[in-house]
**Student:** 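Handing you a structure now.
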Amino acid sequence: MDDLDMDDLEAKVERWHIDRNLIKGSTDKDQVLKLMQEVGELSDSVCKDECLLDDIGDMLVILINICMRNKVSLADCLHTAWLDIKDRKGKMVDGIFIKE
């Protein structure tokens, strides 16, 4: 792997989207549908005990697209989610965390 940090990688992916007209030439709906396709591929890889790197990476690429078109950053989204979950309590039921 090269020595790119997360910010560098995100900037490269943003440029990639712009160069391919995936911001102005697409819609949130289109990108969410693509994200769902990638979630299906991730599910398939999990079920087959295969490497998840490409599937998760593809999902991040699409999430960056959605962030760009909505003028938010992945970091802002993650920070918002963290504030929502950091003090959350609950319990595990059949391998799934159920919040109080």
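The shown structure was predicted, so the numbers you read here are calculated from the model rather than taken from an experiment. Both backbone and side-chain heavy atoms feed into the values below; hydrogens, waters and symmetry mates do not. Throughout, residue positions are numbered sequentially from 1 according to the sequence presented.
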**Student:** If you look at every heavy atom in Gln31 and Ile62, which pair is closest and at what distance?
**Tutor:**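 Looking at all heavy atoms of both residues, the shortest contact is O-CG2, 3.2 Å.
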
**Student:** Can you tell me how far CD1 of Ile64 sits from CG of Leu74, rounded to the nearest 0.5 angstrom?
**Tutor:** 5.0 Å

**Student:** Taking atom CD of Glu38 and atom OG of Ser43, what is their separation to the nearest 0.5 Å?
**Tutor:** 12.5 Å

**Student:** Calculate, to the nearest 0.5 Å, the distance between atoms CG and CG belonging to Leu60 and Asp55 respectively.
**Tutor:** 11.0 Å

**Student:** Cluster question for you: counting only ILVMFWY and a side-chain heavy-atom cut-off of under 4.5 Å, with indirect links fine, are Leu9 and Leu52 together?
**Tutor:**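 No.
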
**Student:** What heavy-atom pair brings Asp5 and Asp8 nearest, and what distance separates the two atoms?
**Tutor:**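 What the structure gives for the nearest pair is OD1-N, 2.8 Å.
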
**Student:** Could you state the interatomic distance from CG (Leu63) to CG (Asp58), rounded to the nearest 0.5 Å?
**Tutor:** 11.0 Å

**Student:** Any side-chain heavy atom of Cys77 within less than 4.5 Å of one from Cys67?
**Tutor:** yes

**Student:** Indicate every side-chain donor-acceptor pair of residues 84-100 with a distance under 3.5 Å to a residue at least two apart or in another chain.
**Tutor:**
from	atom 1	to	atom 2	distance (Å)
Asp84	OD2	Arg88	NH2	2.9

**Student:** Indicate if Val72 and Leu35 have the same hydrophobic cluster label, given that clusters are the connected sets of ILVMFWY residues with side-chain heavy-atom separations under 4.5 angstrom.
**Tutor:** no

**Student:** Would you check if Asp44 and Lys48 make a side-chain contact, meaning some heavy-atom pair closer than 4.5 Å?
**Tutor:**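 A side-chain contact exists here, since the closest heavy-atom pair is under 4.5 Å.
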
**Student:** Cut-off 3.5 Å, no hydrogens considered: what does the side-chain donor-acceptor table look like for residues 11-23, sequence neighbours left out?
**Tutor:**
from	atom 1	to	atom 2	distance (Å)
Arg15	NH1	Asp19	OD1	3.0
His17	ND1	Asn65	ND2	3.1
His17	NE2	Val61	O	2.9
Arg20	NH1	Trp16	O	3.4
Asn21	OD1	Gly25	N	3.4

**Student:** Find out whether Asn70 and Ile66 are in side-chain contact, i.e. whether some heavy atom of one side chain is under 4.5 Å from a heavy atom of the other.
**Tutor:** yes

